[in-house]
Participant: 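So that we are looking at the same thing, I have put the structure below in structure tokens.
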2 protein chains.
Amino acid sequence: MNAPIVNPALTKNQSLVFEALDRADGPLSAYTILDKLRDHGFRAPLQVYRALDKLTEFGMVHRLESLNAFVACAHRESACCGKGHGHGTVAFAICESCSQVLEFHDHEVDHHLSDWASSKGFKPSKTTIEIRGICQKCAA
Amino acid sequence: MNAPIVNPALTKNQSLVFEALDRADGPLSAYTILDKLRDHGFRAPLQVYRALDKLTEFGMVHRLESLNAFVACAHRESACCGKGHGHGTVAFAICESCSQVLEFHDHEVDHHLSDWASSKGFKPSKTTIEIRGICQKCAA
DNA sequence: ATGGCACACGTTATAGCATAACGCAATTGA
DNA sequence: TCAATTGCGTTATGCTATAACGTGTGCCAT
């Protein structure tokens with residue numbers, strides 16, 4: 001459980017959604033978040049999706065495409081490679097047994113993919129890397 | 001348009017779905033496929049999803065997670081790195097302007113990700129790599 | 001040949017994920 | 001002050017995917 005380093009610029013809904021993700025020990029779907037926040041006045045999916053859009057834009061939340069779910073960014077403290085809070089491309093290892101998610105960043109992979117892109121004249125806007133599998137703990 | 005190298009072991013439904021994807025010049029959603037095949041007797045999503053599951057298992061079709069859509073595999077002829085028809089991990093560059101998809105394979109990226117996985121004791125089952133962006137043609 | 005099994009298929013219903021379109025309120029800055 | 005922007009709440013709708021049921025067919029071990 002991490003200390004709640006909450007960006008003060010967040011609106012109430014955004015904070016609630018972020019905190020729900022931060023408290024969770026795994027990815028949450030938008031509808032699961034909605035259920036967790038009904039006691040705080042949330043009534044409709046759009047309230048969640050709008051907050052998620054902003055949090056994703058801020059880099060505080062990542063969407064897992066292969067799961068249709070969301071996680072709080074694991075890289076709380078600053079950046080390793082410029083870009084403010086952010087990082088280049090982030091990759092995820094998702095355990096299909098315990099559904100825990102490892103977030104990591106691999107420069108080499110990043111560079112190879114950018115190199116491929118430039119060689120093809122392709123201008124990347126967002127890159128998704130997700131490894132589904134079994135984590136060490138579950139494999140034991 | 002490629003020659004129709006259709007695996008004869010495919011069932012009727014599987015062939016129809018594969019041919020629909022093969023004819024298309026971009027990714028198709030399951031429901032789009034359903035609409036294209038109504039004239040051939042398709043009536044329900046499950047008919048499409050069941051065929052897609054098998055085709056994916058055979059390696060003839062890929063699912064694009066960030067699009068919830070499917071494409072025919074672009075690597076018709078054999079493999080570059082063992083595994084029968086297949087290849088290690090395939091990556092995609094998806095143009096957000098014209099929605100064309102480039103399928104490619106990058107050994108280096110593959111190896112870096114496997115290395116990361118072994119270093120963490122993570123056993124990968126499926127890896128997704130998708131680059132969203134603008135293709136050369138659309139950027140011009 | 002016959003009973004059991006595996007597999008593809010068809011259908012209905014339902015679950016899960018996401019956005020459109022409307023109107024209102026608060027904030028900001030020209 | 002007025003217009004633009006942003007967030008918010010609500011209703012309705014659309015898109016994506018699977019559950020659960022039953023049918024038919026081919027295979028092959030007994």
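Because only heavy atoms are used, hydrogens play no part in the values below, and waters and symmetry mates are left out as well, while side chains stay in.
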Participant: Using a heavy-atom distance cut-off of less than 4.0 Å, which residues of residues 45-52 of chain B contact DNA chain C?
Facilitator: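 Only B:L46, B:Q47, B:R50 qualify.
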Participant: Got A:I94 and A:I131 here, is their nearest side-chain heavy-atom distance under 4.5 Å?
Facilitator: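 Side-chain contact under 4.5 Å: no.
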Participant: Within the 4.5 Å heavy-atom criterion, are B:V109 and B:F104 side-chain neighbours or not?
Facilitator: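 Of all side-chain heavy-atom pairs linking B:F104 with B:V109, none is under 4.5 Å.
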Participant: Under 4.5 Å between side-chain heavy atoms, hopping through other hydrophobics if needed: is there a path connecting A:L34 to A:L46?
Facilitator: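 Looking at the clustering, A:L46 is in a separate group from A:L34.
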Participant: Under 3.5 Å, which donor-acceptor pairs do the side chains of residues 116-125 of chain A form with other protein atoms, sequence neighbours left out?
Facilitator:
from: A:S118; atom 1: OG; to: A:S114; atom 2: O; distance (Å): 2.7
from: A:S119; atom 1: OG; to: A:W116; atom 2: O; distance (Å): 2.7
from: A:S125; atom 1: OG; to: B:E96; atom 2: OE1; distance (Å): 3.1
from: A:S125; atom 1: OG; to: B:R132; atom 2: O; distance (Å): 3.1

Participant: Starting at the 5' end of DNA chain C, which residue's closest nucleotide do you reach first, B:R43 or A:L67?
Facilitator: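 Of the two residues, B:R43 wins.
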Participant: Tell me every residue that passes salt bridge (Lys or Arg N to Asp or Glu O under 4.0 Å) with B:K36, counting only those two or more places apart in sequence or in another chain.
Facilitator: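 Listed in chain order: nothing, the list is empty.
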Participant: Is there side-chain contact between B:V17 and B:L37, with at least one heavy-atom pair below 4.5 Å?
Facilitator: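 Heavy-atom side-chain distance check passes, below 4.5 Å.
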Participant: In terms of ring plane angle, is the pair A:H105 and A:H107 parallel, tilted or perpendicular, where the classes change at 30° and 60°?
Facilitator: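 A:H105 vs A:H107 ring planes: perpendicular.
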Participant: Holding to side-chain hydrogen bond (donor to acceptor under 3.5 Å, both in side chains), I want the full list of residues that pass it with B:S99, two or more places apart in sequence or in another chain.
Facilitator: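 Counting only residues at least two positions away or on another chain, B:S99 forms no side-chain hydrogen bond (donor to acceptor under 3.5 Å, both in side chains).
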Participant: Does B:S97 have any side-chain hydrogen bond (donor to acceptor under 3.5 Å, both in side chains) partners at least two apart in sequence or in another chain, and if so, which?
Facilitator: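 Applying side-chain hydrogen bond (donor to acceptor under 3.5 Å, both in side chains) to B:S97 gives none.
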Participant: When the side chains of residues 38-45 of chain A are checked against the rest of the protein, which donor-acceptor pairs come out under 3.5 Å, sequence neighbours left out?
Facilitator:
from: A:R38; atom 1: NE; to: A:D35; atom 2: OD1; distance (Å): 3.3
from: A:R38; atom 1: NH2; to: A:D35; atom 2: OD1; distance (Å): 3.4

Participant: My understanding is that only residues two or more places apart in sequence, or in another chain, count here; which of them pass salt bridge (Lys or Arg N to Asp or Glu O under 4.0 Å) with A:K126?
Facilitator: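 Checked A:K126 against salt bridge (Lys or Arg N to Asp or Glu O under 4.0 Å); matches are A:E65.
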Participant: First contact, last contact: which nucleotides of DNA chain D are these for chain B, 5' to 3', heavy-atom distance under 4.0 Å?
Facilitator: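 Range of nucleotides touched by chain B: D:dT16 to D:dA20.
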Participant: Mind checking side-chain hydrogen bond (donor to acceptor under 3.5 Å, both in side chains) for A:N68 and listing every partner two or more places apart, or none if nothing turns up?
Facilitator: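 Per chain and number, A:N68 pairs via side-chain hydrogen bond (donor to acceptor under 3.5 Å, both in side chains) with A:R63.
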Participant: So which one's nearest nucleotide on DNA chain D is more toward 5', B:F70 or A:F42?
Facilitator: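 Result of the comparison: A:F42.
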Participant: Estimate the overall bend of the helix from C:dA1-D:dT30 to C:dA30-D:dT1 from the end axes over five pairs each, rounded to 10 degrees.
Facilitator: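 Overall, the helix from C:dA1-D:dT30 to C:dA30-D:dT1 bends by 30° from one end axis to the other.
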Participant: Under 4.0 Å from a heavy atom of chain B: give me the 5'-most and 3'-most nucleotides of DNA chain C that qualify.
Facilitator: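 Here the contact window of chain B covers C:dA8 to C:dT12.
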Participant: Please name all residues satisfying salt bridge (Lys or Arg N to Asp or Glu O under 4.0 Å) with A:R50, sequence neighbours left out, ordered by chain then number.
Facilitator: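 For A:R50, no residue satisfies salt bridge (Lys or Arg N to Asp or Glu O under 4.0 Å) once neighbours in sequence are set aside.
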